[in-house]
Structures are given as C-alpha cells and as structure tokens.
Amino acid sequence: MGYRVTQTILNQNFLFNLQRSNKAMEKYQEQASSGKKINRPSDNPITAVHGMFYRSSLNEVEQFKRNTEDGHSWMNTTDEAMNEVNSVLQRVRELTVQGLNETNDPSALYAIGEEIKQLKEHLGEIANTQISGKYIFAGTDVKNPPYRTDPAVPGSPKEFRSTNEELIELQVGQTNYVQINTKGTDVFNNDGMGGIFKVLSDIESDFKSSNKITTDHLGKLDNQMDNILKERSELGARINRMELSMSRIDGIEISTTSLLSKEEDVDIAKVIIDLKAQENVQRAALSVGARIIQTSLVDFLR
C-alpha cells in the first residue's frame, strides 16, 4: 500500500522546515550581534561550563593583581622611608664627627645637639609613614602611630612605642604569599633598648651638656646603619619576588583570556557567511513554498 502525500502534509512539512530555517537565522544573527558562540547555557552546556571556569579563574587573577599592586606600592613606600632613615643617620654621623673635634666651644656643641634633636623628630615622622591611611612600621596595628607619646602619662616624650611584630602577607597566587611589611621594631628598635632613637638621644644629650663624649657614638651609629642596610636588602629581595609574581600573573591573565576567547567568541567572518547562506536557503524555501501551498477556491473563481 503506497504512502499518500496530501496537501496538508506538504503544508506541514513546509512550515516545519521554514521554522527550522528561522531558528538557524536567529542563531546566526544573535551570534553576529553578540560576538559569542553561546548566549545562554542551553546553547551548549559544555562550552558554558568551560566559560564559567575561565571567568572564575580571571576573577581570581584580578584579585591577585590588585594584591600585587597594593603590596608593591607598600614595599616601595617602605624602601623610600628606610632610604630617608639612612640619610638622617648619615647626617647625624657627620654632625657627630664634627662635634668630636675638640676645637668646638659649648655653644657650638649645643647647636649640634639641637640639630640632632630635630633630626630625631624627623626620624619619628618617618617611623609614622603611612600608605592609604595605614602605618607601615606598626606591624598589624596599622591604625595607631608607632612613634607617639604615652597616653597614660600626660606630657611624656614621643618614643617608638610599637611592639607589634606581626607580619602582613598578601596572596599573589594559589599557594603564593608574600610578606609586604618590614617590622618597625627591627628598623627603629632593633636592640630592644630604644634603638635608633636612644642612640640619637644620647648623642644629643652629651653635646648639649658639653660633656666629654666617652661612649662609642660613632660605633653605635654604624651599627644602626648596618642594620638599615640589612633590612633594605631583605626588603629588596621581597620586592623582586613580588615583581616576578606580577609578571607571572600577567602571563596567566593573557593565557586564560585567550582560552576564554577560543571557547566563547565566534569567528565573525564564518558567522556572516553562514548567515548569508541561511538567508539564501530561506528565500528559496519561501519561493518553493509559495508554489507548493494549494491555491484557494477564490483563485479559481477569478
């Protein structure tokens, strides 16, 4: 028994194929306008999952980039501060050598002591260096100045009072953490007995009182300068590590972005070609359909 093809079947098949052609047209038009292979997860679940993974990776990389930039700024500020500390100590050493000259009269020695006092105050300002409102030499106690008066003793002199030795570390990779702070106690109170400020106070006191200097002020200054050099060397090594991390993160960002682009972005030239081909198919289908669909009784009565 043969299969009878009726006009209804022809009409239904035509409409079905026309609808499928319209969907293909819609797909290519959407891809051309968005530049993406998929515009909803249902278009291609596997591609959608891969895209979500790469986007998550890029968000993580972006956070690592912010950490490296913040950490690099913090460490550069620290290095500049310690360079200034070294300059202060160099000037104090020059004044100390000048003061040890026995030709100085009491007024000259007092003037040297007064300049050293001012340098010590400037050293206190360096100890209170901030970045983004945070004290860089205060350990994790970043809201309180490390060089300050004793709040429990009104009128007390300013000293380096911070005892916080906690490290501040930033994550710059999946398992990579870099210490960004230099402990203020190691820079300004490395001996636990007043450090740099005690050395400068003793020199100031001796010169102002015109006492014959018997202590090894120059030796103590040299020890403090050697300590600053050591701390700067350690900081420099961490800055280099941070810069290597920044370079590595940039590389990861480029490669991940490339993978995401290959996964999601369309070949615009190919999409336009496919779209034009589909337009030709649709025009041909409409032309053929107009002949297939049976004319009405009205057409016969004309």
Ring centres under 6.0 angstrom apart (Phe160, Phe137):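 For Phe160 and Phe137, the ring centres are not under 6.0 Å apart.
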| said: Quick check: Tyr110 with Phe207 (ring centres under 6.0 Å apart)? | reply: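 Not close enough - the centres of the two rings lie 6.0 Å or further apart.
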Using salt bridge (charged side-chain N to carboxylate O under 4.0 Å, His left out) as the criterion, list what pairs up with Asp191, not counting sequence neighbours.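 Scan of Asp191 (salt bridge (charged side-chain N to carboxylate O under 4.0 Å, His left out), adjacent residues dropped) gives none.
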Listed by chain and number, what are the salt bridge (charged side-chain N to carboxylate O under 4.0 Å, His left out) partners of Glu204, not counting sequence neighbours?
->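 Partners of Glu204 by the salt bridge (charged side-chain N to carboxylate O under 4.0 Å, His left out) criterion, ordered by chain and then number, come out as Lys120, Lys208.
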In terms of side-chain heavy atoms, does [X] have a donor or acceptor partner in [Y] at a distance below 3.5 Å?
X: Asn104; Y: Asn101; answer: no
X: Asn176; Y: Arg241; answer: yes
X: Arg93; Y: Gln90; answer: no
X: Gln174; Y: Glu60; answer: yes

Legend entry - Crowding at CZ, Arg248 (>12 non-hydrogen neighbours, <6.0 Å):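 12 or below, so no.
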His122 vs Glu84, test: side chain to side chain contact (heavy atoms under 4.5 Å, CB included). Steps then yes/no. CA-CA 10 Å; His122 181 61; Glu84 199 169 351; 2.7 Å; yes
Mind checking the CG-CD1 spacing from Asn86 to Ile228? Nearest 0.5 Å is all I need.
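Between atom CG of Asn86 and atom CD1 of Ile228 there are 7.0 Å.
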Donor-acceptor under 3.5 Å ([X] side chain, [Y] main chain):
X: Asn189; Y: Gly195; value: yes
X: Asp105; Y: Ala108; value: yes
X: Thr256; Y: Glu253; value: no
X: Ser247; Y: Leu244; value: no

Contacts of type side-chain contact (heavy atoms from CB on, under 4.5 Å), residue Glu166, not counting sequence neighbours: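 Expected list: Thr140, Asn164.
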Is [Y] paired with [X] through a side-chain N to carboxylate O contact shorter than 4.0 Å?
X: Arg91; Y: Glu94; answer: yes
X: Asp202; Y: Lys198; answer: yes
X: Lys230; Y: Glu234; answer: yes

Ile249 and side-chain contact (heavy atoms from CB on, under 4.5 Å): which partner among Glu69, Lys65, Glu62, Gln63?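 The single option meeting the side-chain contact (heavy atoms from CB on, under 4.5 Å) with Ile249 is Lys65.
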Decide yes or no on ring pair (Phe, Tyr, Trp, His ring centres under 6.0 Å) for Tyr147 and Phe197, but give the supporting numbers first. CA-CA 10 Å; Tyr147 184 76; Phe197 293 101; 4.8 Å; yes
Note to self: Grouping I, L, V, M, F, W and Y whenever their side-chain heavy atoms are under 4.5 Å apart, do Leu89 and Met82 come out in a common cluster?
What the structure shows: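 Same hydrophobic cluster.
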